[in-house]
Amino acid sequence: MRLDGVLTAGLVLLLGLGSGAATSAAAATLPAVPTPSPTATQSNPTPTPTAATGENNDPPNEAAVAEQSVTVLASTNFQLPFPCGQSWAGNSSASSAHRAYEIDFNRGGSADADLGDTVVAAAAGTVVISSHQGSTNGYGNLVKIDHGGGWTTFYAHLNSRSVSAGAKVSQGQKIGAVGKTSKPGNNISAHLHYEVRQGEGYPGNIRKAVFNGSTFGYPTQTLTSKNKCGGGGGTNPHTAQSVCGSGYTVIDSATLGTAGTAYLLYNSANGNNCVATIKKSSLGTATATTAYLEVQGKTRVTDSGAFTYYAGPVRAAAAGKCVKWGGKAGSSAYNSPFEHCG
């Protein structure tokens, strides 16, 4: 967004958050791990922040995370929290609620031009907060992700949330949409409030943001996202069971080279089969993926297209019948004979 759009968001925040209880702030200390030199520096260094009276910008987690269950990251592993190729203007000084290192992101030319735009995880981890903070603070719809090693990221004012507390997410996975939610009476324009923290003790645990190995050029910089460009690796957050739904159990599978796996599932409660093809490569990038199911004596049902994580679910009633099933990912395909009869 042009700078005047970001300043608009800041001015509105100034009016709505005069009590100082909107979004959180920053620390004057750098991360424990080395980070590259920033592309720009602040002309006036920010003093060590202290919490304002009545602030509640360190909401308790809603889900516990075992350290070994998340990927331990250095600060340089983070990417811009937007889909690959999008350019966003970040501003750390346009809001009276900011201390130093939080960033408000916009890219449109008007106050609410970015409303509903996709927000993705800056790095892999576990969602520890996904809720509307209501009158507690000015975060509105907030997603907080624990990345291990004491590192967490905050994504605030979301219009909607796409993940629940306790969910594991991959880098580049959609977690919500840009919005303007806050506490009652705070009339703000649409933007993403983003911040990085390490360890405990708000606000001294807030760190400078690093994207694609480079420290954000405080106070303002426009960046183009490299998040999951080229497909990337990582772990698919979806499984055959989560795609097909409750009650389905995997009864067969076929590896599709390194690109994915086709799964056949069965639900004994309703006699239905389900097929899903789960990708293993090019995660987050739309690539040709197919899943199909054919009950003997009936027309084949196919889900085929350019998908980011999986094809399917394809379901059909198959109690007492034989089925053909299969799928395709990348250049590899699997086609079964009629089997699993009964």
Side-chain angles (χ1 to χ4, degrees), residues 83-85 118 120-121 124 127 160 162-164 166-177 227-342:
C84 172
T118 295
V120 303
V127 177
S160 60
S162 304
V163 291
S164 301
K168 291 179 174 58
V169 295
S170 59
Q171 187 175 59
Q173 179 181 341
K174 181 177 180 179
I175 60 171
N227 202 326
K228 305 309 288 183
C229 293
T235 301
N236 195 322
H238 305 279
T239 65
Q241 290 93 333
S242 67
V243 170
C244 286
S246 177
Y248 283 90
T249 302
V250 173
I251 59 173
D252 206 346
S253 64
T255 299
L256 305 173
T258 60
T261 303
Y263 293 91
L264 175 67
L265 299 87
Y266 183 69
N267 188 325
S268 59
N270 57 25
N272 288 354
N273 279 108
C274 179
V275 176
T277 297
I278 308 298
K279 293 173 56 175
K280 292 192 294 187
S281 63
S282 297
L283 299 177
T285 299
T287 58
T289 314
T290 300
Y292 75 84
L293 175 62
E294 180 181 343
V295 179
Q296 195 165 28
K298 303 211 180 242
T299 303
R300 176 177 295 187
V301 180
T302 302
D303 184 31
S304 181
F307 301 117
T308 53
Y309 290 100
Y310 60 86
V314 180
R315 304 184 187 92
K321 301 285 187 179
C322 302
V323 297
K324 278 185 180 180
W325 63 282
K328 182 177 181 180
S331 59
S332 299
Y334 175 75
N335 299 285
S336 83
F338 277 115
E339 58 183 4
H340 294 289
C341 304

Nearest-0.5 Å distance that lies between atom [atom1] in [X] and atom [atom2] in [Y]:
X    : Y    : atom1 : atom2 : result
I251 : H340 : CD1   : NE2   : 5.0 Å
K324 : Y292 : NZ    : OH    : 7.0 Å
N270 : R315 : CG    : CZ    : 9.5 Å
T249 : Q241 : OG1   : CD    : 7.0 Å
Q173 : T308 : CD    : OG1   : 9.5 Å
L265 : L293 : CG    : CG    : 10.5 Å

[X] side chain near [Y] side chain, heavy-atom distance below 4.5 Å:
X    : Y    : answer
Y309 : T289 : no
S164 : V127 : no
K321 : N273 : no
T261 : K280 : yes

Non-neighbouring partners of Y310 that pass ring-ring contact (aromatic ring centres under 6.0 Å, His included), sequence neighbours left out: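 Once residues adjacent in sequence are excluded, the partners of Y310 under the ring-ring contact (aromatic ring centres under 6.0 Å, His included) criterion are H238.
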Identify the heavy atoms of [X] and [Y] that sit nearest to each other, and give their distance.
X    : Y    : value
G172 : K228 : CA-CG, 3.4 Å
A291 : T277 : CB-OG1, 3.6 Å
A318 : V295 : CB-CG2, 4.0 Å
Y266 : G271 : OH-CA, 3.4 Å
A329 : L256 : N-CD1, 3.7 Å
G326 : A262 : C-CB, 4.3 Å

So, Y334 versus W325, ring centres under 6.0 angstrom or not?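 So the answer is yes for these two rings.
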Taking the side chain from [X] and the backbone from [Y], do they hold a donor-acceptor pair closer than 3.5 Å?
X    : Y    : answer
N267 : N272 : no
N227 : C84  : no
K279 : F307 : yes

Start with the C-alpha gap between S282 and T285, add the side-chain angles, then the distance that decides, and say whether side chain to side chain donor-acceptor pair (under 3.5 Å) holds. CA-CA 5 Å; S282 297; T285 299; 5.8 Å; no
